[in-house]
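A short write-up of the structure that comes next.
Labels below follow one simple rule: chain letters A, B, ... track the order of the sequence lines, proteins then strands, and each chain is numbered from 1.
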Amino acid sequence: MSKEITSRSDDYSQWYIDLVRKAGLADYSAVKGCMVIKPYGFAIWENMRDTLDRMFKDTGHQNAYFPLFIPKSFLSKEAAHVEGFAKECAVVTHYRLKNAEDGSGVVVDPDAKLEEELIVRPTSETIIWNTYAGWIQSYRDLPLLINQWANVVRWEMRTRLFLRTAEFLWQEGHTAHETKEEAVAEARTMLDVYADFAEHWMALPVVKGVKTANERFAGAEDTYCIEALMQDGWALQAGTSHFLGQNFAKAFDVQFSTRDNTREYVWATSWGVSTRLMGALVMAHSDDEGLVIPPRLAPMQVVIVPIPKPLPELDEAVQTIAADLRALGIRVKVDNDDQNRPGYKFAEYEKLGVPVRLGVGKRDLDQGVIEVARRDTKEKQSVPMEGLAQHVKQLLDEIQQNLFQRALAFRAEHTTRVDTWEEFVDVLDNKRGFISAHWDGTPETEQEIKELTKATIRCIPLESEHGASVEEGLCIRTGKPSRQRVLFARAY
RNA sequence: CGGGGUGUAGCGUAGCCCGGUUAGCGCGUCUGCUUUGGGAGCAGAAGGUCGCAGGUUCGAAUCCUGCCACCCCGACCA
């Protein structure tokens, strides 16, 4: 048990906060609702970002950058969009400060009032579609496949480190297409990219699905999403990909000449994942000792802790091991710090979630072995020095797999099919997790269930998904007919 | 914005109800020595506008008033 981290069973929420702070991922800042991402946390985010960026480029996208500020008028061009975001925007009204006359500091200069206020972007559809209007004239300009890495601001009333902060980092893809079919395919492709990343890099099983009208992105025709389950049985939306139809093209008048020499509005998508994924990563795998980071995203995949008895050949042995591992592309840290004792270091690296720890001392060298400790299961074994690097490489793969399988098993265990209201409420309160149930398809019933239980429909699983159940049934709330089970849960 | 709570050293806290010497303790930090295979031991040291402002009093961390900040519960959300 860690000395400084609240246990999950005592207080899951506090465990999460302790972990994020004590493992050096992030900290509160002087600005309410905004956090500081610390170097170790940012290193993990960089690994996520770099991996996703490569995946975007492999699917034909390019990066660009659009302004932080959006003219206020842009936000009112798409009706549903403004409805969804207006309430939580930060607004810039002035461009200058001046010294207060009473010497008390600086005050806003009333003479520097902006003619039109600027909105700090909560998302960039509007400024981007305003720009696209100038870039797209012909079908030859399509498709336009662009992504940007940026920060956005949503003035949330209640925030939680990584999961919901006023400012957060994300990527937002914005694409324009000739046809509806092509745009839908793009939205689905990016959903697949997100699911691939979540499962193969974050070791996080996700359900691919589509949002109900209530949960849909403001301005979208369809919102596809990946939904994950956290260890406390709450769901977390890990990424979204929207088919925007022609809504933004019409709002910003983006028409193109077609192959048939007619004029048509372009079809659009947008898709994004954010630093919220950091929260998902923590809550999916970590334990009471600290973080557990999947090897593929770990800033340090292996740490070597020498046991410092007076032993001249120890340093040479450690350097050889490190070099062998690095030759296989493994990220290695050698901890030669002599201020702390090995026991302290063991606990520290467990807190940081380093997947594999190697202990090397006189005892090992005498026998030609190394002590190999894995973070996920906390197992330790002595491995012959000969072939160690290969062994560690395989072990990293095994840990990556194990984390995924463990999370998958947890999700399977916490996904319950229910057919009655009583059962629904009981599972929600006592077992938690995903609930697969019939729903009559109306926003009113969905809303009613939300008000009664705080559970929302996380998604309607895609037909290709294991969680999907296309079958006749009766709504658990109203008893009206239903054609497919949907996935309910309480969500972050 | 409504309801509840908390502000004391870098962190965590005792003291407050019932005012009275130099505000105590743990962790951390610094120095030295000894240690080093699961969060080391001993010795010494530094570190405080008791959230801010005002009031009551001979005397305020403690009582009163106002303000500020943060946390928790709601409404809102990637």
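Remark: the A/Y349 side chain and the A/D335 side chain contain an N/O donor-acceptor pair separated by less than 3.5 Å. Side-chain contact, A/E398 with A/N402: no donor N or O sits under 3.5 Å from an acceptor N or O.
A salt bridge is defined here as a Lys NZ or Arg NE, NH1 or NH2 lying under 4.0 Å from an Asp or Glu carboxylate O, and A/K454 with A/D429 fails to meet this definition. Here A/E350 pairs with A/R357 in a salt bridge; the nearest charged N to carboxylate O distance falls below 4.0 Å. The pair A/D53-A/K57 counts as a salt bridge, with a side-chain nitrogen and a carboxylate oxygen less than 4.0 angstrom apart. Salt-bridge formation is detected for the pair A/D192/A/K208: a Lys NZ or Arg NE/NH1/NH2 atom is positioned less than 4.0 Å from an Asp or Glu carboxylate oxygen.
Using a 4.0 Å heavy-atom distance criterion, A/F168 is classed as a base contact. Among the protein residues, A/T159 comes within range of no part of the nucleic acid, since none of its heavy atoms lies under 4.0 Å from any strand. Using a 4.0 Å heavy-atom criterion, one finds that A/L163 contacts the bases of the nucleic acid, with or without backbone contacts as well. Contact annotation for A/Q237: backbone-only contact, meaning every heavy-atom pair under 4.0 Å involves sugar-phosphate atoms and none involves a base.
One interatomic measurement links the two molecules: CE of A/M35 to P of B/A78, which rounds to 17 Å at whole-angstrom precision. The separation between A/E451 atom CD and B/G74 atom C1' is 13 Å, rounded to whole Å. In this entry the distance linking CG of A/D337 with C1' of B/U36 reads 12 Å, nearest Å. Separating the CZ atom of A/R160 from the P atom of B/C70 is a distance of 18 Å, rounded to the nearest angstrom. Rounded to an integer number of Å, the gap from A/E156 CD to B/A75 P is 14 Å. In this structure, the CD atom of A/E289 is 16 Å from the P atom of B/G38, given to the nearest Å. For the pair A/D288 CG and B/G38 P, the interatomic distance rounds to 22 Å; values are reported in whole Å. Taking atom OH on A/Y344 and atom P on B/C27, their separation rounds to 14 Å, with Å as the unit.
For the P atom pair drawn from B/G2 and B/G55, the interatomic distance equals 30 Å after rounding to whole Å. Remark: the separation of the P atoms in B/A9 and B/G47 is 15 Å, to the nearest Å. Comparing the C1' positions of B/A23 and B/C16 gives a spacing of 12 Å, expressed to the nearest Å. Spacing between B/U8 and B/U62 at atom C1', rounded to whole Å, works out to 12 Å. The separation of B/C68 from B/C25, taken at their C1' atoms, amounts to 29 Å, rounded to a whole angstrom. Nucleotides B/A14 and B/G26 place their P atoms 15 Å apart, quoted to the nearest Å.
In terms of phosphate contacts, A/K454 brings a side-chain nitrogen or oxygen within less than 4.0 Å of OP1 or OP2 of B/G74. Applying the 4.0 Å criterion to OP1 and OP2 of B/G37, one finds that A/R341 has a side-chain N or O inside that range.
Listed in residue order, the members of residues 272-282 of chain A having a heavy atom less than 4.0 Å from RNA chain B are A/S274, A/R276.
B/U13 is paired with B/G24 under the Watson-Crick or G-U wobble criterion, all donor-acceptor distances under 3.5 Å. When both pairing distances are held under 3.5 Å, B/C18 makes no Watson-Crick or G-U pair with any nucleotide shown. Judged by Watson-Crick or G-U wobble contacts below 3.5 Å, the nucleotide B/U56 has no partner. For B/A75, there is no paired nucleotide, since no Watson-Crick or G-U wobble pair has both relevant distances below 3.5 Å. Nucleotide B/G7 forms a Watson-Crick or G-U wobble pair with B/C68, both donor-acceptor distances falling under 3.5 Å. Pair assignment for B/U29 gives B/A45, based on Watson-Crick or G-U wobble hydrogen-bonding distances that are each under 3.5 Å.
Checking B/U36, B/G39, B/A78 against every side-chain atom of A/I307, the shortest atom distance belongs to B/U36. Residue A/Y28 has its side chain nearest to B/C71 when only B/A78, B/G39, B/C71 are considered. The listed nucleotides are B/C76, B/G38, B/G37; the one nearest the side chain of A/R357 is B/G38.
Residue side chain A/K380 reaches the base of B/G38 through a donor-acceptor N/O pair under 3.5 Å, judged by distance alone.
Considering only residues two or more places apart in sequence or on other chains, A/E83 meets the salt bridge (Lys or Arg N to Asp or Glu O under 4.0 Å) condition with none of them.
Aromatic ring centres of A/F85 and A/F217 lie closer together than 6.0 Å. A distance below 6.0 Å separates the ring centres of A/F56 and A/W271.
The 5' end of RNA chain B is approached more closely, in terms of each residue's nearest nucleotide, by A/S13 than by the other of A/S13 and A/R216. Taking the nucleotide of RNA chain B with the nearest heavy atom to each of A/G343 and A/G239, the more 5' of the two is matched to A/G343.
Rounded to the nearest 0.5 Å, atoms CG (A/L25) and CD1 (A/I293) are 7.0 Å apart.
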